[in-house]
Amino acid sequence: MSSVVMVTGVSSGIGKAVAKQLLENSYEVVGLSRRCADELKKSFADRFVQENIDLSDLTALKNHLPILAKRYTDVDAIVFCAGYGRFGSLEEFSYDQITDLVNTNLLSTVFLARAFLPQMKQARKGRLIFIGSESALSGGRRGAVYTSTKSATDGFVKSLRRECSSDGIQVGIVTLGMAKTEFYNQAQFTHGDSPDNYVLPKDVAEAVFMMLESRPGSVIDEVKITPLKSVITRRRTD
Ligand SMILES: NC(=O)c1ccc[n+]([C@@H]2O[C@H](COP(=O)([O-])OP(=O)(O)OC[C@H]3O[C@@H](n4cnc5c(N)ncnc54)[C@H](OP(=O)(O)O)[C@@H]3O)[C@@H](O)[C@H]2O)c1
């Protein structure tokens, strides 16, 4: 029987690459995002299911999560890839923008884990893999809000790792440097152009795959992936 993995942020970047890697290796994938992952749906119609969901809307999410948990009682693992970056000095953020970023990057993740943990604990197995950020470790200029969501995710993962081990559940995090995805589309900066200035989504997918395939008795707690040479370039605004 194939394993079933829920992947958030499946329409783009890291989540899309993780889902593709899993589908190419006979896994079944339940994908979560607002947009449809049409390419995956077309290529893997028999093993890919899409759930269109806005993770920033916590009220709707709270109502939807019990339905999802009932619909997918056989989820073996969740890979939390959904998230976005918004950068600027703190006072440039509206209160709504702060709320949206924290809801999407942090609280929806905590809620989703909360919804699926009971059935994983009952099955005495399960894997939760989170995508963290290098900026959580060092802080980032004009990134106070984004970085706070990623630092909190880091603390959440480390605590959950301890909390869940006695129930047979493996918890791990991929700590990521700049990756070539849609993440920087709206930002005033991005990574350099050279292939050694960015991580590819496939690099992350391969690490996640390794974490998912690890022996149940051991856990790959953390993988850190960064570009060989870190280069940040400012975007031209004209
Ligand atoms: N790229 C980097 O350099 C980098 C570095 C460190 C950490 N990360 C982390 O890696 C993760 C993946 O980012 P990425 O680089 O793959 O970016 P991406 O290409 O922009 O993909 C982001 C994904 O998150 C989903 N998403 C965003 N807001 C959502 C919402 N409100 N509801 C549901 N889904 C939502 C998007 O789907 P829809 O738009 O279809 O909803 C999309 O599938 C994020 O957690 C990010 O913080 C990225």
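The model shown is predicted, which means the values in this text are computed figures rather than measured ones. Read the numbers this way: they start at 1 and go in the same order the structure lists the ligands and their atoms.
Glu182 and Arg35 are joined by a salt bridge, as a carboxylate oxygen and a charged side-chain nitrogen come within less than 4.0 angstrom of each other. A salt bridge links Glu92 and Arg142; the closest N-O separation between the charged side-chain nitrogens and carboxylate oxygens is under 4.0 Å. Salt bridge present: Asp154 and Lys158 bring a charged side-chain N and a carboxylate O closer than 4.0 Å.
Under the 4.5 Å side-chain heavy-atom criterion for Ile, Leu, Val, Met, Phe, Trp and Tyr, Phe48 and Val79 are members of the same hydrophobic cluster.
Under 3.5 Å, the side chains of Thr73 and Gln119 contain no donor-acceptor pair of N or O atoms.
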Without placing hydrogens or testing angles, list every side-chain donor-acceptor pair under 3.5 Å for residues 110-118, not counting sequence neighbours.
none

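Near ligand 1, heavy-atom contacts under 4.0 Å come from Gly9, Val10, Ser11, Ser12, Gly13, Ile14, Ser33, Arg34, Arg35, Ile53, Asp54, Leu55, Ser56, Cys81, Ala82, Gly83, Thr104, Ile131, Gly132, Ser133, Tyr146, Lys150, Leu176, Gly177, Met178, Ala179, Thr181, Glu182, Phe183, Tyr184.
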